[in-house]
Amino acid sequence: MIELHEAPALYEKLIHYNEAKHEKVFLSINTFREVEYLSIRKYYLDFDEEWKPTKDGVSMVVDFENTRALFDGLVEILSLSEVKGILETHFKETLDAIYT
């Protein structure tokens, strides 16, 4: 029986590569049992130099609510990251005084 991570990808994007650990993280969309899933999964390079999926990852049904919640979370993370960078650039001394 085919597993979800073995289903052919309709969409796949490498989102992280750790060369030192021979690990990659992929974002993919797969159809499994006629349902589309969005997956974020870590892969490792085996001894035969093939990329194999690990148990580290998540899969969720691609529907409006799941996709919207994921998008909202990513937008918030990016917003916080941008603000953090601006704060660190312009208020470094103040932040250092607070956190050290």
Main-chain N/O of [Y] paired to [X] side chain as donor or acceptor, under 3.5 Å:
| X | Y | answer |
| --- | --- | --- |
| Thr54 | Lys42 | yes |
| Asn18 | Glu23 | no |
| Asp46 | Asp48 | yes |

Could you walk me through whether Phe26 and Glu12 pass the side chain to side chain contact (heavy atoms under 4.5 Å, CB included) check?
-> CA-CA 7 Å; Phe26 283 95; Glu12 186 172 74; 3.6 Å; yes
When Tyr37 is tested against each of Ile29, Val58, Val61 for side-chain contact (heavy atoms from CB on, under 4.5 Å), which residue passes?
->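 The side-chain contact (heavy atoms from CB on, under 4.5 Å) with Tyr37 is passed solely by Val61 among Ile29, Val58, Val61.
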For Leu38 and Val62, the nearest pair of non-hydrogen atoms, with its separation, is N-CG2, 3.3 Å
Can you check side chain to side chain contact (heavy atoms under 4.5 Å, CB included) on Tyr11 and Leu27, steps first, answer last?
-> CA-CA 8 Å; Tyr11 173 84; Leu27 169 66; 4.3 Å; yes
Are Ile15 and Phe71 connected in a single hydrophobic cluster, I mean Ile/Leu/Val/Met/Phe/Trp/Tyr linked by side-chain heavy atoms less than 4.5 Å apart?
-> no
Could you state whether Phe64 and Met60 fall into the same hydrophobic cluster, counting links through intermediate Ile, Leu, Val, Met, Phe, Trp or Tyr residues with side-chain heavy atoms under 4.5 angstrom apart?
-> no
Report the C-alpha distance between Leu10 and Glu36 in whole Å, list the side-chain angles of each, state the deciding distance to 0.1 Å, and finish with yes or no for side chain to side chain contact (heavy atoms under 4.5 Å, CB included).
-> CA-CA 9 Å; Leu10 302 172; Glu36 285 189 344; 3.5 Å; yes
If you draw the axis of the six-membered ring of Tyr17, does the NZ or CZ of Lys24 fall within 45° of it and under 6.0 Å from the ring centre?
->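 Flagged: Lys24 positioned over aromatic ring of Tyr17.
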How long is the gap from OG on Ser59 to CG on Asn30, to the nearest 0.5 Å?
->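 Rounded to the nearest 0.5 Å, the OG-CG separation comes to 7.5 Å.
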Out of curiosity, Trp51 CH2 to Leu14 CG, how far, rounded to the nearest 0.5 Å?
->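 One finds 8.5 Å between CH2 of Trp51 and CG of Leu14.
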Among all residues two or more places apart in sequence or in another chain, which pass the side-chain contact (heavy atoms from CB on, under 4.5 Å) test with Glu34?
-> none
